[in-house]
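Take a look at the structure set out below.
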Amino acid sequence: MSKTPYITTAIPYVNGAPHVGHALDYLLADVYARYKKEQGITVRFQSGTDEHGNKIWSKAKSLGIPVEDYVRDNAEKFREFIKKLGVEPTDFIRTSSEDHARRVGKIWKKIESHIYSAEYEGWYCSGCERFITDKEYEETGGICPDHQAPYERLSEKNYYLKISDFKERIKTAIESGEMTILPESRKKQVLNLLETSPDVSISRPKKNLSWGIPVPGDDSQVMYVWIDALANYLTVLGYPETDISDFWPAEVQFVGKDILRFHAIIWPSILLALGLPLPKVILSHGFVLANGQKMSKSIGNVIDPLDILEKYGLDPFRYYFLRHVDTFADSDFTWEKFDAAYANELANDLGNLVQRLAVLDKKNNVSIKTEVSCFTAPKNYTSLMDNFKYSAAFDYVWDEIQQLNKDINDQQPWVVAKENPEKAQEILTGLTMRLLDCSKLLVPFLPDTCKAIQGVFQETITIPAPLFPKN
RNA sequence: CGUGGGGUAGAGCAGCCUGGUAGCUCGUUUGGCUCAUAACCAAAAGGUCAGUGGUUCAAAUCCACUCCCCACAACCA
């Protein structure tokens, strides 16, 4: 049992700007971290960037700048993006860093008994600089559609990791729940994939891949993405130079559904080869769609998260992506939906509730003593949060917010005040305390808003500017 | 015979695992309130739960088949 919960996010490949998918990954992890923090538990929270590989190398080259500068600038974009999302990781690792490279080299040495070298032979396009699958070869009739050139038959030396050494062990771990795959529906898919997974190629000849970590003891080979990138979850903690038993095994690893297979097959293989325990939970989230379609540059329907942040600010952004985007399933983003959620839910339900209560409290000289409240989160809420059902947890709190609006109407404190001011104060204090309880439950989701709400209802009530102004 | 997800009021979805009066949000219509960001509250209209067949006293729910949509292969969470 690790003493400090360790949560991880996928490290983005830095050949492009941050997009909403990255935002989702970060936010899901951040809510969990903040939720734990609210319970008085400190977490270790990793983040970082994946910076090696040919694509980055050639991109930098085409821009005419040194690759080190290119990745540094892009990594910085992600670091800033994380900050803008209100996400507060404890670590940020860059795979091109010296520490990472040195530690990965040591990791490679430790698992060498599960590594072997073999010739890889296949169809290769020199234009794409990559091998293609046999299936692809048949479909294209042996000619690369991008370059209109025939594929060549090439062979090269690769190192392979023996996935076969670990299949049974991984299967057992997944089935027993030792390593939980969430959601359940993807667990079956992973088990299917595991059955047929071949050993995986983990290196490339240096002549084909120069921007990467050298394979220890073989100058002609460079590590391919798997060990380089996946090992970040360990090297960021200092492994193998530092004892990581306080943090490892990870509590939750957040990944996108497209990279689940690597995290559920290759990654556990590496861990088992190292003799380390497997992560407790691998959570794979869905995609954010635009109008029901996958966002892509070619369709031109990409939503830039920075646009949303700029137009609406941080908490509305977090609100939409944590309540109206499902943790596990693909969800839709449209500006119409976002606008509707903002106006109906944030402004009318919550913002207006804060406003009307603040005014009523002020008029009736209500004074709130917050320091005495000993608050425990209701079980319904915690069990949803513990299972990462964030939007359901939101629903739970929102029911109470709507109930508060009803109760204000029903109890009519403004009428009571005319006859019985003390009774009105009592009613308002009760209602206000309930609102403050709601705000405590929303802290992991909307940190700034909750801070603002708690600032309003003190011994002296401060009537705030509208929390979520319209127009 | 590829694999997976889905088809439930105008829109978006829950319910299905563990059969028993079809629910939520938005929108629409009508009414109430006046503390509040023209906000809030209440009521109403609106569905042969994709289709066909089966199991059952009883099927949106379980089973079989059929139809339709979408993802999984190609930089991209």
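Letters A, B, ... are given to chains in the order of the sequence lines, protein chains preceding strands, and every chain is numbered from 1. Computed over heavy atoms, backbone and side chain alike; hydrogens, waters and symmetry mates excluded.
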Nearest-Å distance once atom C1' is located in both A22(B) and C13(B): 14 Å
Does the cation-pi check pass for Lys311(A) over Trp335(A), that is, NZ or CZ under 6.0 Å from the six-membered ring centre and within 45° of its axis? yes
Find the partner of U52(B): check Watson-Crick (N1-N3 plus N6-O4 or O6-N4) and G-U wobble (N1-O2, O6-N3) distances, both under 3.5 Å, and reply none if neither fits. A64(B)
Could you tell me the separation between the NZ atom of Lys389(A) and the C1' atom of G15(B), rounded to a whole number of Å? 13 Å
Would you say the side-chain atoms of Lys406(A) and Asn409(A) include a donor-acceptor pair closer than 3.5 Å? no
Asp437(A) bridged to Lys440(A) by N-O distance under 4.0 Å: yes
Is the phosphate of A42(B) approached by Lys406(A) (side-chain N or O, under 4.0 Å from OP1 or OP2)? yes
How many Å lie between CH2 on Trp123(A) and C1' on A73(B), as a whole number? 19 Å
Mind checking if Val288(A) touches a base, just sugar-phosphate, or nothing, with heavy atoms under 4.0 Å? base
Euclidean distance for P, G51(B) against A44(B) (whole angstrom): 28 Å
Taking any strand in view, what nucleotide pairs with C40(B) in a Watson-Crick or G-U wobble way, both distances under 3.5 Å? G32(B)
Which one of Tyr390(A), Phe468(A), Trp398(A) satisfies the ring-ring contact (aromatic ring centres under 6.0 Å, His included) criterion with Tyr319(A)? Trp398(A)
Atom CD1 of Ile259(A) to atom C1' of A71(B): distance rounded to whole Å? 17 Å
Identify the two heavy atoms, one from Ala75(A) and one from Thr49(A), that lie closest to each other, and give their separation to 0.1 Å. CB-OG1, 3.7 Å
Rounding to the closest angstrom, what is the interatomic distance between C17(B) and G53(B) at atom P? 23 Å
For Gly21(A), which contact category applies under a 4.0 Å heavy-atom criterion: base, sugar-phosphate, or nothing? base
Does the Gln425(A) side chain pair with the main chain of Asn365(A), one donor and one acceptor, at a distance under 3.5 Å? yes
Taking 4.0 Å as the cut-off, does a side-chain nitrogen or oxygen of His19(A) come that near to OP1 or OP2 on C76(B)? no
In this structure, how many angstroms lie between the C1' atom of A42(B) and the CD atom of Gln403(A), rounded? 13 Å
G47(B) - base-pair partner by Watson-Crick or wobble geometry, distances under 3.5 Å: none
Do the side-chain N or O atoms of His22(A) get closer than 4.0 angstrom to the phosphate oxygens (OP1, OP2) of A77(B)? yes
Please state the C1' separation for the pair C1(B) and C65(B) - nearest whole angstrom. 14 Å
Show the nearest heavy-atom pair for residues Pro447(A) and Arg34(A), with the distance to one decimal. CB-NH1, 3.4 Å
Say we look at G12(B) and G31(B): how far apart would their C1' atoms be, to the nearest angstrom? 27 Å
Interatomic distance where CG belongs to Asp50(A) and C1' belongs to C75(B) [whole Å]: 13 Å
Quick one: Phe262(A) CZ to C72(B) C1', roughly how many Å, whole number? 12 Å
Over how many whole Å does the gap from Glu336(A) atom CD to G12(B) atom C1' extend? 13 Å
Give none if A71(B) has no partner; otherwise give the nucleotide forming a Watson-Crick or G-U wobble pair with it, both distances under 3.5 Å. U3(B)
Distance check, P atoms only: U21(B) and U61(B), in whole angstrom units. 14 Å
How far, in whole Å, is A64(B) from U18(B) if one measures between their C1' atoms? 22 Å
Under the 6.0 Å and 45° cation-pi test, does Arg204(A) pair with Tyr224(A)? yes
Toward the 5' end of RNA chain B, by each residue's nearest nucleotide, Asp258(A) or Lys337(A): Lys337(A)
Using atom P in both nucleotides, what's the gap between C24(B) and G15(B) to the nearest angstrom? 15 Å
Per-nt protein contacts along nucleotides 25-37 of chain B (heavy atom under 4.0 Å; B base, S backbone sugar-phosphate only, - none) come out as -S-----BSSBBB
Between C69(B) (C1') and Leu289(A) (CG): distance, integer Å: 14 Å
G23(B) -> Watson-Crick or G-U wobble partner, both distances under 3.5 Å, gives C13(B)
Indicate the ring-plane relationship of Tyr396(A) and Tyr381(A), choosing parallel, tilted or perpendicular according to the 30° and 60° boundaries. tilted
